[in-house]
Peer 1: 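Here it is: the structure, laid out below.
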Amino acid sequence: MPPPSLFTPAFTDPDQASDFIRQFHAEVPGAGDPVRRVEEVLDEIARTGTYRHTAEELAFGAKVAWRNSARCIGRLYWRSLVVRDLREVSAADDLAEECFEHLRLATNGGRIRPMITIFAPDRPGRPAPRIANSQLVRYAGYQDDDGRWTGDPAGGQLAARAAELGWKPAEGRFDVLPLLIQERPGEQPRWYELPDDTTLEVPLSHPEYAWFAGLGLRWYAVPAISDQTLEIGGIRYPAAPFNGWYMGTEIGARNLADADRYNLLAEVAERLELDTSSERTLWKDRALIELNRAVLHSYEVAGVTMTDHHTESERFLKHIAQEERLGRPTPADWSWIVPPVSGGVTPVFHRYYDPVDPATRPAFLAREPW
Ligand code: ARG
């Protein structure tokens with residue numbers, strides 16, 4: 001048995017709760033004086049060990065958690081987050097069904113909507129369910145006996161775990177992983193294949209090179225993080241998948257290019273007939289740019305929302321200026337904000353950011369292991 005602390009979530013911290021209620025009342029116009037609500041919350045914690053957010057507090061908390069995400073360049077739109085309040089849902093089958101519905105609603109035929117679905121929180125003696133996947137949609141990876149990968153190495157562990165549970169891998173390059181949901185600690189996760197109508201994908205082609213489509217590459221439309229705990233006012237929501245839309249470089253300069261992911265630069269360079277005999281020909285850089293052009297082009301053609309790193313950098317600086325006018329800092333992590341290609345030609349490269357305080361709440365936190 002793991003230590004009991006992991007099985008019995010602690011009581012909600014009354015200081016965290018009252019700090020949050022005060023922040024809500026200070027920021028939300030018309031929320032009025034916090035005194036009565038703080039009293040009510042503290043009383044509820046004293047009686048039950050925790051408290052229940054109002055729907056408004058929950059939505060505000062989720063949006064501010066996004067606003068506080070120091071690694072996210074896309075925060076200009078934090079107010080527009082669509083919040084699905086599904087705190088009554090805690091059974092694995094129902095979670096799976098509602099994750100599917102999240103993907104359908106967020107995909108919205110290609111006009112991606114930033115969205116979060118918030119499932120049951122941890123309560124004293126009643127831990128919340130967990131989604132084992134790092135994202136709702138991700139590709140499986142399989143390693144052969146020689147250590148060679150098919151698919152996405154980042155989906156290797158989950159694919160192996162799902163296979164152990166009875167999932168039948170197709171052993172392809174872009175197999176969408178099933179959802180693995182654990183209802184209670186110590187229980188085996190259950191697995192759920194994603195229905196086709198939940199996972200819009202984009203086949204990759206290039207605006208000039210017809211051969212590119214023949215590489216058979218694709219990526220999914222909606223990046224929906226599912227392994228972070230949303231913490232608001234001392235309450236933890238470990239199952240709270242959320243999504244925005246993609247910035248092209250995430251796919252073109254990382255997922256498809258990183259040596260420990262799809263590792264495609266050599267193949268693209270070869271098709272481009274680049275001179276790969278020396279690093280100094282910059283064949284990697286040239287292949288990388290064409291890969292990124294293909295990603296942006298393909299999402300555009302498919303009518304799926306995607307942003308580019310130049311536009312998003314401008315928007316982020318606009319966000320910082322807007323927050324500053326409201327008297328708020330924008331903590332940011334330079335190494336995550338600066339895009340992985342052409343950093344120096346985007347304005348986000350040429351400055352420093354407000355320091356990140358790990359105690360800032362509401363926040364999305366790395367999920368603690370069970
Ligand atoms: N970088 C991750 C990926 O490539 C997604 C992270 C969230 N990205 C976003 N645009 N909201 O899948």
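As the structure lists them, so they are numbered: ligands from 1, and atoms in each ligand from 1. None of the values given here were measured: they were computed from a predicted structure.
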Peer 1: For Tyr262 and Arg173, what are the C-alpha separation, side-chain angles and deciding distance, and is it a side-chain hydrogen bond (donor to acceptor under 3.5 Å, both in side chains)?
Peer 2: CA-CA 9 Å; Tyr262 279 84; Arg173 254 177 131 190; over 6 Å; no
Peer 1: Protein residues near ligand 1, heavy-atom distance below 4.0 Å?
Peer 2: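 Residue list for ligand 1: Gln135, Tyr220, Pro223, Ile225, Gly244, Trp245, Tyr246, Glu250, Asn255.
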Peer 1: Give a yes or no on whether the backbone of Leu288 and the side-chain of Asn292 come within a donor-acceptor separation of less than 3.5 Å.
Peer 2: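 Yes, because the side chain of Asn292 sits within donor-acceptor range (under 3.5 Å) of the backbone of Leu288.
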Peer 1: Where does the angle between the aromatic ring planes of Tyr220 and Tyr246 fall among parallel (under 30°), tilted (30 to 60°) and perpendicular (over 60°)?
Peer 2: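 Rings of Tyr220 and Tyr246: tilted, as their planes differ by 30° to 60°.
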Peer 1: With a 4.0 Å cut-off, would you call Arg293 and Glu208 a salt bridge?
Peer 2: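 The answer is yes: the pair qualifies as a salt bridge.
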Peer 1: So does Gln16 have more than 12 non-hydrogen atoms from other groups sitting under 6.0 Å from CD?
Peer 2: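 Buried by this count: over 12 neighbours within 6.0 Å.
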Peer 1: Looking only at side chains, do Glu312 and Thr307 share a donor and an acceptor under 3.5 Å apart?
Peer 2: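 Yes - a donor-acceptor pair under 3.5 Å links their side chains.
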